[in-house]
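Chain letters run A, B, ... following the sequence lines, proteins first, then strands; residues in each count from 1. The basis for the numbers below is simple: all heavy atoms, side chains too, and nothing from hydrogens, waters or symmetry mates.
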Number of protein chains: 2
Amino acid sequence: MTSKYALDREDLTLNARLVRGLREAILSGDLKGGARLVEREMTEMFGVSRGLLREAIQTLASEGLITLVPHKGPVVTLLGREEAAQLYRVRGALEGLACSEFTQRASDEQRQELFDIFARLEAMVGKEEPNALVEAKNDFYRCLLNGTANEVLELMFTQLNNRIVQLRRLTLSASGRFPDTLKEIGRVVNAIRAGDGRRARDMAEAHVAAAAEVVQRRFSQLDLDKE
Amino acid sequence: MTSKYALDREDLTLNARLVRGLREAILSGDLKGGARLVEREMTEMFGVSRGLLREAIQTLASEGLITLVPHKGPVVTLLGREEAAQLYRVRGALEGLACSEFTQRASDEQRQELFDIFARLEAMVGKEEPNALVEAKNDFYRCLLNGTANEVLELMFTQLNNRIVQLRRLTLSASGRFPDTLKEIGRVVNAIRAGDGRRARDMAEAHVAAAAEVVQRRFSQLDLDKE
DNA sequence: ATCAATCATATTGTCTAACAATCTGTCAAT
DNA sequence: ATTGACAGATTGTTAGACAATATGATTGAT
């Protein structure tokens, strides 16, 4: 029996806040891919003890945001082209599932909210507001995942997406693709509107595959292959 | 250039071994779902310091095997029927992807190995050897994932499956279903043999859905719903 | 000048000890 | 039976220490 008035105990522990802070620092690009995370510097940066810091690092490592190199220290995970391709393929499967589940399970309100957010996205075509765009996209996915009523999926998709965020710098510069993106997402939304979960899923997978291709092309163009 | 004689540095840190040990203890059922993990007891059990233990617990918590309850301590995650259903739906998507990728990417040797393992499974029908059966199934999935050449998928699927392992007690008792299971997997294998990735995927999803249903029925029968 | 062995230093891996904050169960008072 | 206070246990967090390992500089030999 969870009361409506129950206090939020989640963030009470310093540990949880530290994990959030560190994750935020990575996702925001403040700590860039490849950066070494020296314990002494990090403890000063966050004002916590070494023990706590190490606990947080373990957590983010198992989320894939940090790579642990024994005796050398943790490093912000840097994505290579092959790893990026793999991430996108898994993402296709999860996003496809999300669309299919949303179609079956979402409430009318959630459905409506999704359509509204999509309209907001459509209104942005032509304008140059990368921040608003990123936010609207985030809203879209948040709404989509919410409507799946599947917390496991929500968690896994979020974690996967967090790892992909690092590539945003690559995709942003190719933002001329936005009209195409919109068309692809539009097909997903239409399928959801029609109640056709299977098609929504297929369209979502196609969309992710297209995005993955853009990333691969950027890798080639910039010759970003690592050792 | 990795030498054949390179020492295994993976397990060198006590930390890594502790994580493995603790995970093993949970997966094996030695630490059952719902069990409290009191720090003092655990440090004695594994012979490590409190700090290390807490790091390991953070790791397993973010894998979902352990649930952290602030100020009360960690608990071995106990699956309810709803969560089980969600896990299986995600698993369907991932297993489907794995089959599809295997069809496209696996080498001839990997393909052959998969067929051999399946033959081993077929030979087990009728016999009562739960241990050998579990092992053969594990081999099957290990081979399947290997052939996908997708480490991200491998990792996510493994983590997801680890969480599901806890339900094995429910599915084992319903082992009269083995012939059906075999038939379902057989359809997957046939599709792979025919090079039809799409069908392999569909069959895999059907198989997982069937397994999920069994679990749901067991939940109903045993009336295992939690608060 | 180049290469290899050596050594000093920084950093990680791990442990112990301590104390504050929080939970849990007990016992007394009403 | 309910409330409240109290004691013990457990978690949350910090600090300090030392061993093992990595890194970069120095030295020595060729």
- Message: Any base atoms under 4.0 Å from B:G73, or only sugar-phosphate, or nothing? Heavy atoms, all strands.
- Response: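 Counting heavy atoms under 4.0 Å across all strands, the contact made by B:G73 is with sugar-phosphate only.
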
- Message: Need one value for A:L37: base, sugar-phosphate or nothing, where a base atom within 4.0 Å counts as base even if backbone is also close, heavy atoms only.
- Response: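 Sugar-phosphate, backbone atoms only, no base.
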
- What do the steps show when you test A:T171 against A:R218 for side chain to side chain contact (heavy atoms under 4.5 Å, CB included), and what is the final call? CA-CA 8 Å; A:T171 36; A:R218 295 297 285 164; over 6 Å; no

- Message: If you assign each of A:V48 and A:K72 to its closest nucleotide in DNA chain D, which residue comes earlier from the 5' end?
- Response: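 So the residue in question is A:V48.
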
Expressed as a whole number of angstroms, how long is the span from [X]:[atom1] to [N]:[atom2]?
X     : N      : atom1 : atom2 : answer
A:M42 : C:dT11 : CE    : P     : 12 Å
B:E55 : C:dT14 : CD    : P     : 8 Å
B:E41 : D:dA9  : CD    : C1'   : 12 Å

- Item | With B:T59, the side-chain contact (heavy atoms from CB on, under 4.5 Å) member among B:L65, B:L22, B:V19 |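 Only match with B:T59 under side-chain contact (heavy atoms from CB on, under 4.5 Å): B:V19.
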
Kindly point out which of [options] is positioned nearest to the side chain of [X]?
X     : options                : answer
A:R36 : C:dT11, D:dT11, D:dT14 : C:dT11
B:V38 : D:dT10, C:dG13, D:dT21 : D:dT10
B:R54 : C:dT14, D:dT14, D:dG12 : D:dG12

- Task: Could you tell me whether the phosphate oxygens of D:dA9, OP1 or OP2, come under 4.0 Å of any side-chain nitrogen or oxygen in B:R40?
- Result: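 Answer no for this pair, as no side-chain N or O of B:R40 is under 4.0 Å from OP1 or OP2.
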
- Phosphate-side-chain proximity, A:R50 and D:dA15, N/O vs OP1/OP2 below 4.0 Å: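 No, no such contact exists.
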
- Query: Ion pair present between B:R20 and B:E24, side-chain N to carboxylate O less than 4.0 angstrom?
  - Reply: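 Salt bridge between B:R20 and B:E24, a charged N being under 4.0 Å from a carboxylate O: no.
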
- Query: In terms of heavy-atom contacts, does CD of A:E151 have more than 12 from other residues, nucleotides or ligands at under 6.0 Å?
  - Reply: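 Atom CD in A:E151 is not packed in, count stays at 12 or less.
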
